[in-house]
Amino acid sequence: MSFIKFIGTAGARFVVTKQLRSSGGVWMSVGETNLYIDPGPGALVRCLNSKPKLEPPTLDGILLTHKHLDHSGDVNVMIEAMTEGGFKKRGILFAPEDALEEDPVVLNYVRNYVEKIVVLKENCEYRIGEIGFSTAQKHRHKVETYGINFKIKPRSVSLISDTRFFPELIQLYRGEILVIHVVRLKPVGDEPIDHLSIEDVKTIIREVKPKVTVLTHFGMTMIKAKPWIVAAELEKELGLRVIAASDGMKIDLD
Ligand SMILES: [Zn+2]
């Protein structure tokens with residue numbers, strides 16, 4: 001069975017540090033291939049506590065869209081769990097260069113545990129088992145950040161990770177299922193907050209018309225507005241299917 005499971009749906013500092021939502025990222029299974037995306041704080045614990053339990057030693061790889069803590073806090077322990085304490089050299093780590101080079105988030109000693117480290121770059125294609133994926137251009141975010149287009153059968157999935165809005169975004173992510181990180185309810189004008197708001201989501205999905213849009217990675221203003229209500233309003237306004245992710249929510253890809 002192929003699926004994506006939202007281990008966590010928290011985004012930005014307050015929702016993460018108060019754990020108003022879990023911050024574990026996403027588990028993706030396609031056929032026999034398991035990939036963990038953005039293991040933020042709590043990923044390991046939430047993974048082991050999820051029902052049915054998700055077993056990190058069955059992971060084939062871990063992907064970081066960027067190095068911010070809410071996306072990478074548990075990357076080291078997840079590598080250790082994937083490789084059974086480092087005793088089984090296995091798995092691939094995909095990460096932007098700045099997550100590995102300057103002020104890295106991946107410890108040197110766990111780097112030896114994985115079979116391979118693949119550096120993500122702009123507009124490149126990658127494969128891990130049954131999951132093919134590609135990056136687009138770099139996002140507008142404080143650190144090197146990529147969104148991902150997953151080419152998986154039978155459904156294509158796009159993930160728009162953290163970014164400030166830029167017009168090209170509309171063209172870059174065309175998956176049937178669009179997972180989008182929406183931290184803010186309202187835009188913040190000229191404030192230097194590199195995150196999308198619901199206004200930006202509207203601009204994107206009005207054009208792209210994904211079969212399903214999944215909102216996730218919520219900041220405080222989204223949590224206060226109740227994401228499921230925001231999603232229902234969007235759905236009504238645009239006539240498109242929009243879901244707000246909740247912790248533990250699973251989307252069947254078959
Ligand atoms: Zn970020």
Side-chain angles (χ1 to χ4, degrees), residues 4 6-28 35-43 46 62-78 93-106 119-122 133 135-150 157-166 168-169 172-173 178-201 204 213-223 227 244-245 247:
I4 44 181
F6 292 82
I7 305 296
T9 56
R13 271 159 258 191
F14 298 113
V15 180
V16 174
T17 55
K18 292 175 192 294
Q19 287 290 293
L20 301 176
R21 292 277 184 117
S22 157
S23 48
V26 169
W27 178 296
M28 175 182 272
L35 177 67
Y36 207 104
I37 303 154
D38 285 350
R46 303 279 181 166
I62 297 170
L63 185 160
L64 300 183
T65 63
H66 66 297
K67 73 174 181 184
H68 277 154
L69 262 178
D70 50 337
H71 298 255
S72 70
D74 264 12
V75 66
N76 292 296
V77 78
M78 284 303 282
L93 172 69
F94 298 93
E97 191 172 13
D98 82 345
L100 302 163
E101 301 281 325
E102 203 207 324
D103 193 18
V105 292
V106 184
V119 177
L120 295 177
K121 295 198 186 310
E122 282 186 305
F133 66 92
T135 52
Q137 70 185 71
K138 269 181 205 162
H139 280 187
R140 310 261 167 96
H141 204 49
K142 295 231 160 35
V143 297
E144 191 180 351
T145 305
Y146 297 102
I148 306 289
N149 283 305
F150 291 99
V157 178
S158 292
L159 167 72
I160 302 184
S161 184
D162 293 1
T163 187
R164 167 182 285 258
F165 182 81
F166 55 100
E168 296 91 328
L169 257 187
L172 301 178
Y173 301 102
L178 178 65
V179 178
I180 184 160
H181 286 187
V182 54
V183 168
R184 301 209 34 105
L185 182 64
K186 298 215 159 71
V188 281
D190 292 333
E191 276 182 61
I193 294 181
D194 291 337
H195 282 295
L196 297 175
S197 70
I198 286 297
E199 284 306 313
D200 301 322
V201 172
I204 296 166
T213 302
V214 185
L215 311 176
T216 186
H217 203 65
F218 305 122
M220 211 55 165
T221 56
M222 277 299 294
I223 296 292
D247 292 349

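Please read all numbers here as calculations on a predicted model, not as lab measurements. Scope of the values below: all heavy atoms of this structure, side chains included, with no hydrogens, waters or symmetry mates. Counting convention: from 1, in listed order, for ligands and their atoms alike.
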Across all chains, not counting sequence neighbours, the salt bridge (charged side-chain N to carboxylate O under 4.0 Å, His left out) partners of Glu101 are none
Inspect the contact between Lys142 and Asp194 and indicate whether a charged nitrogen and a carboxylate oxygen are less than 4.0 angstrom apart. yes
Practice prompt. Check the surroundings of atom CD in Glu102: do more than 12 heavy atoms from other residues, nucleotides or ligands lie under 6.0 Å from it?
Written response: no
Sorted by chain and number, sequence neighbours left out, side-chain contact (heavy atoms from CB on, under 4.5 Å) with Arg184 holds for Val188, Ile193, Ser197, Thr221
Open item on the list: Between His181 and His71, is there a side-chain donor-acceptor contact under 3.5 Å, judged purely by atom types and distance?
Closed with: no
The side-chain contact (heavy atoms from CB on, under 4.5 Å) partners of Lys121 (sequence neighbours excluded) come to Glu97, Val119, Cys124, Tyr126
Counting only protein N, O or S atoms and ignoring waters, those under 2.8 Å from the Zn ion (ligand 1) are His66 NE2, His68 ND1, His141 NE2, Asp162 OD2
